*Asks:* 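Let me begin by handing over the structure; questions about it come next.
All values below come from the heavy atoms of this structure, side chains included, with hydrogens, waters and symmetry mates left out. Please read these numbers as outputs of a predicted model, since none were measured by experiment.
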Amino acid sequence: MGKFIKCGPDLTVSGDDVASLEWNRADTWRGGDSYLVITLNSGVQHRVKHHPYGYDAVDCYKIEEAIINA
């Protein structure tokens, strides 16, 4: 059984269930947001917004590293 990784306030995934990770930075040139797209083996995709500061901070770089190392 794989390690569970918390990917924000309402999403937790198992490292064994992750099929791929990719970044969506399409809107960053206009000052938009970056998202980490987590695709599970079932085909379900979750977009996690990268905002590492403030209340309910989510650092997608740390999430990506935790999933890779799981």
Side-chain angles (χ1 to χ4, degrees):
M1 180 118 175
K3 180 179 173 185
F4 285 95
I5 297 103
K6 187 162 176 68
C7 301
D10 58 350
L11 177 64
T12 301
V13 299
S14 170
D16 291 339
D17 290 338
V18 176
S20 68
L21 298 170
E22 65 181 290
W23 283 91
N24 180 346
R25 296 183 174 105
D27 291 334
T28 57
W29 66 274
R30 287 186 282 164
D33 299 315
S34 294
Y35 294 89
L36 177 64
V37 181
I38 303 169
T39 304
L40 303 179
N41 292 328
S42 64
V44 174
Q45 288 187 332
H46 297 283
R47 289 179 43 168
V48 181
K49 182 178 174 182
H50 177 69
H51 57 95
Y53 307 109
Y55 186 72
D56 285 339
V58 177
D59 188 344
C60 287
Y61 292 107
K62 289 183 181 179
I63 294 169
E64 180 183 34
E65 181 180 350
I67 291 173
I68 290 171
N69 293 329

*Asks:* Would you give the length of the straight line joining atom CG of L21 to atom CD1 of I68, rounded to the nearest 0.5 angstrom?
*Replies:*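 Answer rounded to 0.5 Å: 6.0 Å.
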*Asks:* Is there a side-chain contact (heavy atoms from CB on, under 4.5 Å) between T39 and V44 once you walk through the steps?
*Replies:* CA-CA 6 Å; T39 304; V44 174; over 6 Å; no
*Asks:* Verify, without hydrogens or angle tests, whether N41 (side chain) and D16 (backbone) share a donor-acceptor contact under 3.5 angstrom.
*Replies:*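 A pair under 3.5 Å: yes.
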*Asks:* Please say whether more than 12 non-hydrogen atoms of neighbouring residues, nucleotides or ligands are located less than 6.0 Å from NZ in K6.
*Replies:*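 Buried by this count: over 12 neighbours within 6.0 Å.
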*Asks:* Nearest 0.5 Å please: distance from the CG atom of L36 over to the CD1 atom of I67.
*Replies:*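 Atom-to-atom, L36:CG and I67:CD1 are 6.0 Å apart.
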*Asks:* Shortest non-hydrogen contact from C7 to I38?
*Replies:*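 Looks like SG-CD1, 3.9 Å.
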*Asks:* Do V58 and P9 have side-chain heavy atoms sitting under 4.5 Å apart?
*Replies:*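 They are in side-chain contact.
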*Asks:* Specify the closest pair of heavy atoms between G15 and A70, including all atoms of both residues, with the distance to one decimal.
*Replies:*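 Scanning both residues completely, I find the closest heavy atoms to be CA-CB, 4.0 Å.
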*Asks:* Rounded to the nearest 0.5 Å, how far apart are CG of D33 and SG of C60?
*Replies:*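 So the gap between those two atoms works out to 10.5 Å.
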*Asks:* Nearest 0.5 angstrom please: T12 OG1 to H46 NE2, how far?
*Replies:*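 Result: 10.0 Å between the selected atoms.
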*Asks:* Kindly compute the distance separating CH2 (W23) from CZ (R47), expressed to the nearest 0.5 Å.
*Replies:*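 Reported to 0.5 Å precision, the distance equals 12.0 Å.
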*Asks:* Once you round to the nearest 0.5 Å, how far does CG of N69 lie from NZ of K3?
*Replies:*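 Spacing of CG (N69) from NZ (K3) equals 7.5 Å.
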*Asks:* Would V37 end up clustered with V18 when hydrophobic side chains under 4.5 Å apart are linked, directly or stepwise?
*Replies:*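 Per the 4.5 Å side-chain linkage, V37 and V18 are not co-clustered.
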